[in-house]
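Everything numeric here is computed off the predicted structure, so don't read it as measured data.
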Amino acid sequence: IPFEDARAAVLRIIAHTGVWPDAIKAVASWLYFDAQKNKPDQVSRVRALFDELMPDDPVDRVVVYTYGWPADLHDPDSRYDRSPGAKHDFEYSTREAAKLAPAIAKDSKMLDRTLDALCVNDGKNVFGFARELARSLHDPVAAFKRAVEYLNDKPTPANRQLFGGLIAGTDDRNSEAARECGRLALQ
């Protein structure tokens with residue numbers, strides 16, 4: 001499929017459904033594993049597509065970064081090194097999500113949207129972000145309580161990574177506050 005046709009199809013889907021983490025992951029994987037085998041102009045176009053697909057909204061970015069396992073989303077500027085003893089970065093998405101935590105912690109609307117989005121999603125890489133979020137919050141117990149409240153409206157199971165990360169980050173600051181979060185979770 002010619003690149004422009006594939007790009008157009010992906011953009012049509014996103015216009016209809018919104019952020020598509022699997023597409024972003026696929027583009028990043030191509031850049032990581034296949035860019036070295038392709039011409040620089042093709043790599044530049046695919047890299048630009050990655051930027052085009054990555055949402056600007058911090059909450060949507062967190063959802064993308066925490067969507068899969070930590071090694072599922074590669075740094076779009078890194079390339080796979082096949083040489084023996086090469087160091088591979090499997091924490092890119094965890095780091096990028098954690099970088100967004102302080103800004104989200106300062107904005108109550110973004111915080112509420114983030115807690116609502118992550119409380120029941122099936123993200124496998126939420127723990128590190130949630131821990132950093134709790135470390136950044138003025139009142140992590142209130143945020144934990146809010147996340148538990150969001151569960152009341154959801155028919156699916158809680159994302160344990162979110163709640164475990166919030167407790168761990170709270171415990172880094174105040175063990176009694178972390179115990180309060182544990183009590184809230186048990187209720």
Enquirer: For Leu111 and Ala143, work out which heavy atoms get closest and say how close.
Expert: CD2-CB, 4.3 Å
Enquirer: Within the distance-only criterion (no hydrogens, no angle test), does the side chain of Arg173 pair as donor or acceptor with the backbone N or O of Ala134 below 3.5 angstrom?
Expert: yes
Enquirer: If you look at every heavy atom in Val59 and Arg113, which pair is closest and at what distance?
Expert: CB-NH2, 3.6 Å
Enquirer: Would you say Leu162 ends up clustered with Trp69 if hydrophobic residues are merged whenever their side chains have heavy atoms under 4.5 Å apart, either directly or through other cluster members?
Expert: no
Enquirer: Give a yes/no verdict on a cation-pi contact between Arg82 and Tyr80, requiring under 6.0 Å between NZ or CZ and the six-membered ring centre and an angle within 45° of the axis.
Expert: no
Enquirer: Of all heavy-atom pairs between Thr94 and Pro70, which one has the smallest distance, and what is that distance?
Expert: OG1-CB, 3.8 Å
Enquirer: Closest approach of Val62 and Ile104, non-hydrogen atoms and distance?
Expert: CG2-CD1, 3.6 Å
Enquirer: To check you understand the geometry: which heavy-atom pair defines the closest contact between Gln161 and Phe127, and what is its length?
Expert: OE1-N, 2.9 Å
Enquirer: If hydrophobic clusters are built by linking Ile, Leu, Val, Met, Phe, Trp and Tyr wherever their side-chain heavy atoms come under 4.5 Å apart, do Val43 and Tyr32 end up in the same one?
Expert: no
Enquirer: Working to the nearest 0.5 Å, report the span between CD of Glu176 and SG of Cys181.
Expert: 10.5 Å
Enquirer: Would one find more than 12 heavy atoms of other residues, nucleotides or ligands at under 6.0 Å from atom CZ of Arg160?
Expert: no
Enquirer: Is the shortest side-chain N to carboxylate O distance from Asp89 to Arg95 below 4.0 Å?
Expert: yes
Enquirer: Membership question, hydrophobic clusters at under 4.5 Å side-chain separation (ILVMFWY): are Phe90 and Leu31 in the same one?
Expert: no
Enquirer: Can you tell me how far the CD atom of Glu132 sits from the CG atom of Asp172, to the nearest 0.5 Å?
Expert: 9.0 Å
Enquirer: Can you tell if the side chain of Tyr150 reaches within under 4.5 Å of the side chain of Asp112, non-hydrogen atoms only?
Expert: yes
Enquirer: At what distance, to the nearest 0.5 angstrom, does OG1 of Thr170 lie from CZ of Arg135?
Expert: 10.5 Å
Enquirer: Compare every heavy atom of Tyr92 with every heavy atom of Leu73, then report the nearest pair and how far apart it is.
Expert: O-CD2, 3.5 Å
Enquirer: Find out whether Val64 and Leu53 are in side-chain contact, i.e. whether some heavy atom of one side chain is under 4.5 Å from a heavy atom of the other.
Expert: no
Enquirer: With a 4.5 Å heavy-atom cut-off, do Ile24 and Pro55 have their side chains touching?
Expert: yes
Enquirer: Can you measure from CZ (Phe144) to CG (Asp139) and round to the nearest 0.5 angstrom?
Expert: 13.0 Å
Enquirer: Side-chain contact test, heavy atoms from C-beta onward, threshold under 4.5 Å: evaluate it for Tyr67 versus Asn121 and give yes or no.
Expert: no
Enquirer: Is there a side-chain contact between Val63 and Val19 (heavy atoms, below 4.5 Å)?
Expert: no
Enquirer: Find out whether Val10 and Glu52 are in side-chain contact, i.e. whether some heavy atom of one side chain is under 4.5 Å from a heavy atom of the other.
Expert: no
Enquirer: To the closest 0.5 Å, what do you measure between CG (Asn174) and CG (Asp171)?
Expert: 8.5 Å
Enquirer: Is there a side-chain contact between Phe163 and Leu151, using heavy atoms and a 4.5 Å cut-off?
Expert: yes
Enquirer: For the backbone of Pro2 and the side chain of Asp5, can you confirm whether one donor and one acceptor N or O come within less than 3.5 Å of each other?
Expert: no
Enquirer: Answer yes when Lys99 and Glu91 have at least one side-chain N-carboxylate O distance shorter than 4.0 Å, and no when they do not.
Expert: no
Enquirer: Is the shortest distance from a Lys or Arg side-chain nitrogen in Asp116 or Lys154 to a carboxylate oxygen in the other one below 4.0 Å?
Expert: yes
Enquirer: What's the spacing between Asp72 CG and Lys25 NZ if we round to 0.5 Å?
Expert: 4.5 Å
Enquirer: If you take the centroid of each ring, where Trp contributes its six-membered ring, are His74 and Phe33 closer together than 6.0 Å?
Expert: yes
Enquirer: Can any side-chain N or O of Asn125 pair as donor or acceptor with the backbone N or O of Tyr65 at less than 3.5 Å?
Expert: yes
Enquirer: Within a radius of less than 6.0 Å around CG of Asn152, do more than 12 heavy atoms belonging to other residues, nucleotides or ligands occur?
Expert: yes
Enquirer: Hey, does the side chain of Asn159 reach the backbone of Gly123 with a donor-acceptor pair shorter than 3.5 angstrom?
Expert: yes
Enquirer: For Asp34, is there an ion pair with Lys37 - N to carboxylate O distance below 4.0 angstrom?
Expert: yes
Enquirer: With side chains defined as the heavy atoms from C-beta onward, is the minimum distance between Arg61 and Glu96 less than 4.5 Å?
Expert: no
Enquirer: Does the Lys87 side chain pair with the main chain of Gly85, one donor and one acceptor, at a distance under 3.5 Å?
Expert: no
